Participant: 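Here's a structure for you.
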Amino acid sequence: MTDYRTPASKVRGLGASGHGASHWIAHRVTAIALFFLAPVFVWMLAMSGAPDPLATRAFLASPAGAIVTLLTLTAALAHMRTGMTEVIEDYVHKPLSKTVLSLGNTFLTAGLWLVTAFALLKLALSPAL
């Protein structure tokens, strides 16, 4: 008797919690996206003359710069959220603490994304200095 799953879980093909595969896939997809997006973002930013504030602003206001920046930040924040969700689910055992930390993780990630998206939109739509 080496298999400790119930007959119902064997039929459904689910693990202990039933949602681990989706978290695993989401984490891998964001990691693959970051593998390609991060070097492109760094290269584009470096080629834009990044130490100069006006060049950086021009890069972030350009369509290509804004799109690559937003894609990179979206993938990074999604990757951060799924990773922290796994840590919370695996190592926090009190239900109230787990709920509060999971909500905090989601709200922090959403807030960071909204702030960065707003900043990029404001840079893209504001007149040049």
Side-chain angles (χ1 to χ4, degrees):
M1 186 165 132
T2 58
D3 192 5
Y4 296 106
R5 295 184 300 163
T6 64
S9 70
K10 288 178 188 176
V11 170
R12 291 186 195 118
L14 302 175
S17 63
H19 67 276
S22 63
H23 281 226
W24 186 86
I25 291 170
H27 204 67
R28 294 314 177 270
V29 167
T30 56
I32 292 167
L34 284 171
F35 180 78
F36 292 107
L37 284 171
V40 170
F41 170 73
V42 170
W43 180 80
M44 287 177 71
L45 188 62
M47 292 295 113
S48 72
D52 179 32
L54 293 178
T56 304
R57 182 182 177 131
F59 165 73
L60 293 173
S62 71
I67 289 170
V68 169
T69 302
L70 191 60
L71 286 173
T72 305
L73 285 169
T74 300
L77 290 171
H79 189 75
M80 179 189 79
R81 183 179 175 275
T82 57
M84 285 306 301
T85 298
E86 289 301 314
V87 170
I88 291 167
E89 287 178 355
D90 288 346
Y91 297 109
V92 178
H93 302 295
K94 294 180 182 176
L96 180 61
S97 299
K98 189 179 286 193
T99 302
V100 168
L101 288 171
S102 293
L103 285 172
N105 183 33
T106 300
F107 290 146
L108 176 69
T109 306
L112 287 172
W113 188 87
L114 285 172
V115 167
T116 56
F118 176 75
L120 279 172
L121 188 63
K122 189 169 181 173
L123 277 173
L125 297 178
S126 67
L129 292 177

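Position 1 is the first residue of the sequence; numbering continues from there. These figures come from a predicted structure and were not determined experimentally.
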Participant: Okay, side chain of Ser48, backbone of Leu45: is any donor-acceptor separation there less than 3.5 Å?
Facilitator: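 Side chain of Ser48 to backbone of Leu45, a donor-acceptor pair under 3.5 Å: yes, one is there.
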
Participant: Looking only at atom types and distance, does a side-chain atom of Asn105 sit under 3.5 Å from a main-chain N or O of Met84, one as donor and one as acceptor?
Facilitator: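 Here the side-chain-to-backbone pair does not exist.
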
Participant: Could you measure the distance from the OG1 atom of Thr99 to the CD1 atom of Ile88? Nearest 0.5 Å is fine.
Facilitator: 10.0 Å

Participant: Any chance NZ of Lys122 has more than 12 other-residue heavy atoms, nucleotides or ligands included, within less than 6.0 Å?
Facilitator: no

Participant: Any non-hydrogen side-chain atom of Leu77 less than 4.5 Å from a side-chain atom of Arg81?
Facilitator: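 Contact flag for Leu77/Arg81 side chains = no.
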
Participant: Find the distance between OG1 (Thr82) and CD1 (Ile25) and round it off to the nearest 0.5 Å.
Facilitator: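 It is 12.0 Å, given to the nearest 0.5 Å.
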
Participant: If you compare all heavy atoms of Leu60 against all heavy atoms of Thr69, which two are closest, and at what distance to 0.1 Å?
Facilitator: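 That closest heavy-atom pairing would be CD2-OG1, 3.5 Å.
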
Participant: With the side chain counted from C-beta on, respond yes when Glu86 and His23 share a heavy-atom pair under 4.5 Å apart, and no when they do not.
Facilitator: yes

Participant: How far apart are the closest heavy atoms of Gly65 and Met44, and which atoms are they?
Facilitator: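 Of all heavy-atom pairs spanning Gly65 and Met44, the closest is N-CE, 4.2 Å.
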
Participant: Using side chain to side chain contact (heavy atoms under 4.5 Å, CB included), reason through Phe118 and Leu114 one step at a time and then give a plain yes or no.
Facilitator: CA-CA 6 Å; Phe118 176 75; Leu114 285 172; over 6 Å; no

Participant: Working to the nearest 0.5 Å, report the span between CG of Leu73 and OG1 of Thr116.
Facilitator: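 Leu73 CG to Thr116 OG1: 5.0 Å, rounded to 0.5 Å.
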
Participant: For side chain to side chain contact (heavy atoms under 4.5 Å, CB included), just list the numbers for Leu108 and Trp113, CA-CA rounded to whole Å, side-chain angles, deciding distance to a tenth of an Å, and then say yes or no.
Facilitator: CA-CA 9 Å; Leu108 176 69; Trp113 188 87; over 6 Å; no

Participant: Please find the pair of heavy atoms, one from Val92 and one from Ser97, that lie closest to each other, and give the distance.
Facilitator: CG1-CB, 3.8 Å

Participant: When the side chains of residues 28-37 are checked against the rest of the protein, which donor-acceptor pairs come out under 3.5 Å, sequence neighbours left out?
Facilitator:
| from | atom 1 | to | atom 2 | distance (Å) |
| --- | --- | --- | --- | --- |
| Thr30 | OG1 | Ala26 | O | 3.1 |
| Thr30 | OG1 | His27 | O | 2.9 |
| Thr30 | OG1 | His79 | ND1 | 2.8 |

